[in-house]
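Here the structure is laid out as structure tokens; the discussion comes afterwards.
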Amino acid sequence: MSERESMEFDVVIVGAGPAGLAASIRLKQLNPELSIVVLEKGGEVGAHILSGAVVDPVGIDRLLPGWREEAGHPFRTEVTDDQFLLLGPAGSMRLPNLLMPPLMNNHGNYIVSLGNVCKWLAEKAEALGVEIYPGFAAAEVLYNEEGAVIGVATGDMGVERDGTHGPGYQPGMELLGKYVLIGEGARGSLAKELIAKYGLSEGREPQKFGIGLKELWEVKPENHKPGLVQHSFGWPLDARTGGGSFLYHFDDNLVAVGFVVHLNYKNPYLSPFEEFQRFKTHPSIRGTFDGGKRLSYGARAITEGGFQSVPKMAFPGGVLMGCSAGLVNVPRIKGSHNAVLSGMLAAEHVAGAITSGRANDELTSYEEAWRASDIGKDLKKVRNVKPLWSRFGTYVGVAVGGIDMWFNTLFGFSPLGTLRHGKPDSETLEPAEKHTPIPYPKPDGVLTFDRLSSVFLSNTNHEENQPVHLKVKDMDLQKASEYAVFAGPSARYCPAGVYEWVDADGNALTAGASRDNPDARFVINAQNCVHCKTCDIKDPNRNINWVPPHGGEGPVYQNM
């Protein structure tokens with residue numbers, strides 16, 4: 001084994017998303033002499049960023065006062081029309097905006113590509129002297145003898161599928177810091193390790209997740225309505241399956257269309273990807289895309305647990321930020337504003353600690369501060385929406401959740417207190433014998449599409465000869481349970497066609513195939529992976545572990 005080289009910094013930041021970049025900028029604003037490095041597993045900043053996105057600029061306003069007067073910023077389309085639709089199989093009903101709590105109002109927000117926002121923030125950070133290393137995946141947490149975090153190591157490059165070193169082998173590098181800030185996004189691999197090691201989720205509700213699927217379309221000018229934000233719920237999902245959708249019109253004839261399915265669904269035959277494709281065929285939706293062209297596709301897990309599921313955010317030697325801590329406001333479908341605010345808050349506590357001569361200790365002041373900050377206030381008002389939706393279904397749950405938000409807004413409290421979520425999403429699937437396969441229509445290649453053509457538009461790429469980065473802990477259990485009991489839901493919950501159950505001849509086994517086939521075999525097409533992390537969340541036995549592949553691999557999203 002070649003000895004790894006190491007580099008020392010004051011602060012090591014994992015993830016060049018809104019939280020990580022905001023933290024790096026704020027640190028430099030507070031102390032220009034600090035040495036700061038940001039690691040980004042994507043091949044470039046923004047390559048792995050996927051979000052709607054309608055951004056509340058509260059965080060950017062605080063981080064970069066005066067940005068609105070600058071040329072070249074990415075916030076070009078302000079929201080001008082805010083619509084909420086309830087979809088039925090053949091029609092829709094618009095809900096009056098007056099019924100919506102004020103926090104749901106999107107006026108004053110901006111429709112953007114969050115990837116482009118991150119590129120812009122990266123330029124700001126680099127201008128201040130922050131070092132950003134794209135294409136370097138943080139694969140390992142480094143600890144000192146006392147058990148505190150002292151840095152991270154990037155993954156080795158050039159490792160062959162069998163674990164041997166290929167001709168291009170390069171050992172990873174150790175990046176050491178006085179504090180390590182984790183901003184990997186939802187279900188980050190290092191955050192998962194740290195939460196488990198330090199028991200950061202003890203006393204909290206299980207984290208909940210959704211899967212968000214998104215396409216970017218260029219539509220005909222007559223179908224484009226700049227500034228329109230349209231959210232909907234209902235069809236094609238049934239009343240017991242949580243989720244919703246969005247259409248955002250921005251820039252030059254661009255429309256971002258997305259679909260979210262809450263990962264606490266019960267039916268193992270449900271396919272979030274196919275539901276997304278069906279959604280676009282609704283009479284109230286499909287007209288937007290007539291004569292249009294699909295430009296890009298992607299998918300990403302979303303944290304949905306909210307206030308009661310946020311783990312302890314400080315650990316010895318560092319902190320969690322943004323979606324690594326689960327700071328998404330679910331009913332608002334927004335998390336980037338809290339990501340920026342959490343990055344700034346972390347930076348302020350880290351800078352203060354370093355100034356006082358501290359290093360690698362626990363920043364308890366950060367943990368104490370976030371709930372009293374605007375982040376905590378934002379999440380506390382909506383804390384019961386997700387559990388009410390889960391408990392009572394879409395129609396009753398959304399209605400009661402809206403009333404609860406009004407109570408929190410008007411009176412500062414909820415008569416329901418703080419509700420619990422219950423099971424983690426890995427435990428919510430029911431055996432296949434309780435359900436029947438869903439007959440999804442075939443794609444038409446014009447409005448609806450298959451997975452593989454969609455993955456092609458994500459520009460995802462992985463070196464095929466490297467070790468598979470989707471680790472199945474027990475393959476016998478996968479066959480005895482995931483297939484025999486649950487009919488192989490991985491082939492449906494994965495939005496990229498990574499997982500297949502095949503017969504002895506390599507033919508894909510259909511959803512209605514016999515589940516006692518002795519020749520059934522699990523196939524992992526790891527090169528298709530778009531790093532959404534759904535398998536790491538939804539597998540009914542928690543038998544799949546997502547770890548970073550070689551740095552720089554995965555999707556390369558453009559304008560997403």
Side-chain angles (χ1 to χ4, degrees), residues 17-18 21-22 45-46 49-85 94 97 100 102-124 212-232 244-260 280 284-285 287-298 300 302 328-329 331-340 557-560:
L21 292 169
V45 173
I49 297 293
L50 185 76
S51 183
V54 173
V55 171
D56 181 341
V58 58
I60 300 297
D61 285 337
R62 295 183 189 177
L63 180 67
L64 300 168
W67 65 268
R68 297 167 194 263
E69 284 70 50
E70 297 179 11
H73 68 71
F75 299 91
R76 295 187 290 269
T77 306
E78 189 169 356
V79 176
T80 58
D81 191 6
D82 209 1
Q83 299 181 6
F84 297 88
L85 301 180
R94 182 175 176 181
N97 287 52
M100 301 298 164
L103 61 89
M104 298 293 289
N105 184 3
N106 278 299
H107 290 272
N109 298 331
Y110 291 85
I111 307 171
V112 297
S113 156
L114 194 60
N116 290 341
V117 171
C118 289
K119 291 178 182 179
W120 175 68
L121 289 174
E123 293 173 0
K124 298 287 187 183
L213 305 104
K214 178 183 175 181
E215 294 174 351
L216 183 67
W217 283 70
E218 182 179 9
V219 302
K220 296 170 68 174
E222 56 266 34
N223 293 334
H224 190 245
K225 301 173 183 177
L228 172 62
V229 165
Q230 187 180 85
H231 292 114
S232 61
S245 53
F246 63 81
L247 268 72
Y248 301 154
H249 294 240
F250 70 115
D251 286 1
D252 296 327
N253 299 322
L254 295 181
V255 173
V257 54
F259 196 80
V260 176
K280 291 183 294 178
S284 298
I285 304 299
T288 299
F289 305 105
D290 286 344
K293 179 182 179 182
R294 190 174 69 145
L295 303 178
S296 191
Y297 164 82
R300 188 69 173 91
I302 305 167
V328 171
N329 184 313
R332 295 186 73 196
I333 321 180
K334 290 178 179 61
S336 60
H337 64 300
N338 283 337
V340 171
Y557 294 135
Q558 300 294 329
N559 295 321
M560 293 283 273

- Contacts of F75 meeting ring-ring contact (aromatic ring centres under 6.0 Å, His included) (sequence neighbours excluded), chain-then-number -> W67, Y110, W120
- Item | V45 and L121: CA distance, side-chain angles, deciding distance, side chain to side chain contact (heavy atoms under 4.5 Å, CB included) verdict | CA-CA 10 Å; V45 173; L121 289 174; over 6 Å; no
- Message: Other residues, nucleotides and ligands only: do more than 12 of their heavy atoms fall within 6.0 Å of NZ on K119?
- Response: yes
- What one should report as the nearest heavy-atom pair of P226 and T77 is C-CG2, 4.3 Å
- Ignoring hydrogens and geometry, is there a side-chain-to-backbone donor-acceptor pair from R94 to Q83 under 3.5 Å? no
- Message: Quick check: closest heavy atoms across G212 and L50, and the distance to 0.1 Å?
- Response: O-CD2, 4.2 Å
- Item | Nearest-0.5 Å distance, OG1 of residue T80 to NE2 of residue H107 | 7.0 Å
- Item | Distance, nearest 0.5 Å, that separates OG of S113 from CG of L216 | 8.0 Å
- Should L295 and N559 be marked as a side chain to side chain contact (heavy atoms under 4.5 Å, CB included) after you check the CA-CA gap, both sets of side-chain angles, and the distance that decides it? CA-CA 9 Å; L295 303 178; N559 295 321; over 6 Å; no
- Output, in order, the C-alpha distance, side-chain angles, deciding distance and verdict of side chain to side chain contact (heavy atoms under 4.5 Å, CB included) for K334 and N109. CA-CA 11 Å; K334 290 178 179 61; N109 298 331; 3.5 Å; yes
- Residues R76 and D251 bridged, charged N to O under 4.0 Å: yes
- Note on the structure: Correct closest heavy-atom pair for R332 and D56 would be NH2-OD2, 3.1 Å
- K214 side chain to M560 main-chain N or O, any donor-acceptor pair under 3.5 Å? yes
- Beyond-backbone contact of M104 with H231, side-chain heavy atoms, under 4.5 angstrom: no
- Any idea which heavy atoms bring L228 and I111 closest together, and the distance? O-CD1, 3.7 Å
- For V340 and R62, run side chain to side chain contact (heavy atoms under 4.5 Å, CB included): C-alpha distance rounded to whole Å, both residues' side-chain angles, the deciding distance at 0.1 Å, then the answer. CA-CA 9 Å; V340 171; R62 295 183 189 177; over 6 Å; no
- With rounding to the nearest 0.5 Å, note down the distance linking OH in Y297 to OH in Y557. 7.5 Å
- Indicate yes or no: at least one non-hydrogen side-chain atom of D61 is less than 4.5 angstrom from one of R68. yes
- Query: Between K280 and V257, which heavy-atom pair has the shortest distance, and what is it?
  - Reply: CG-CG2, 4.5 Å
- Query: Got H249 and T288 here, is their nearest side-chain heavy-atom distance under 4.5 Å?
  - Reply: yes
- Item | Pairing residues for E78 by the side-chain hydrogen bond (donor to acceptor under 3.5 Å, both in side chains) criterion, not counting sequence neighbours | none
- Message: To check you understand the geometry: which heavy-atom pair defines the closest contact between L247 and F289, and what is its length?
- Response: CD2-CZ, 4.2 Å
- Message: I'd like to check the side chain to side chain contact (heavy atoms under 4.5 Å, CB included) partners of N253; sequence neighbours left out, ordered by chain and number.
- Response: E218, P221, H224
- Tell me whether the centres of the aromatic rings in F246 and Y248 are closer together than 6.0 Å. yes
- Do the side chains of V117 and P18 get nearer than 4.5 Å, heavy atoms only? no
- Item | Rounded distance (nearest 0.5 Å) linking atom CG of L64 with atom CD of E70 | 7.0 Å
- Message: If we ignore hydrogens and angles and just use 3.5 Å, is the side chain of N97 paired with the main-chain N or O of D82 as donor and acceptor?
- Response: yes
- Item | Distance in Å, L114 CG paired with S336 OG, rounded so as to fall on 0.5 Å steps | 5.5 Å
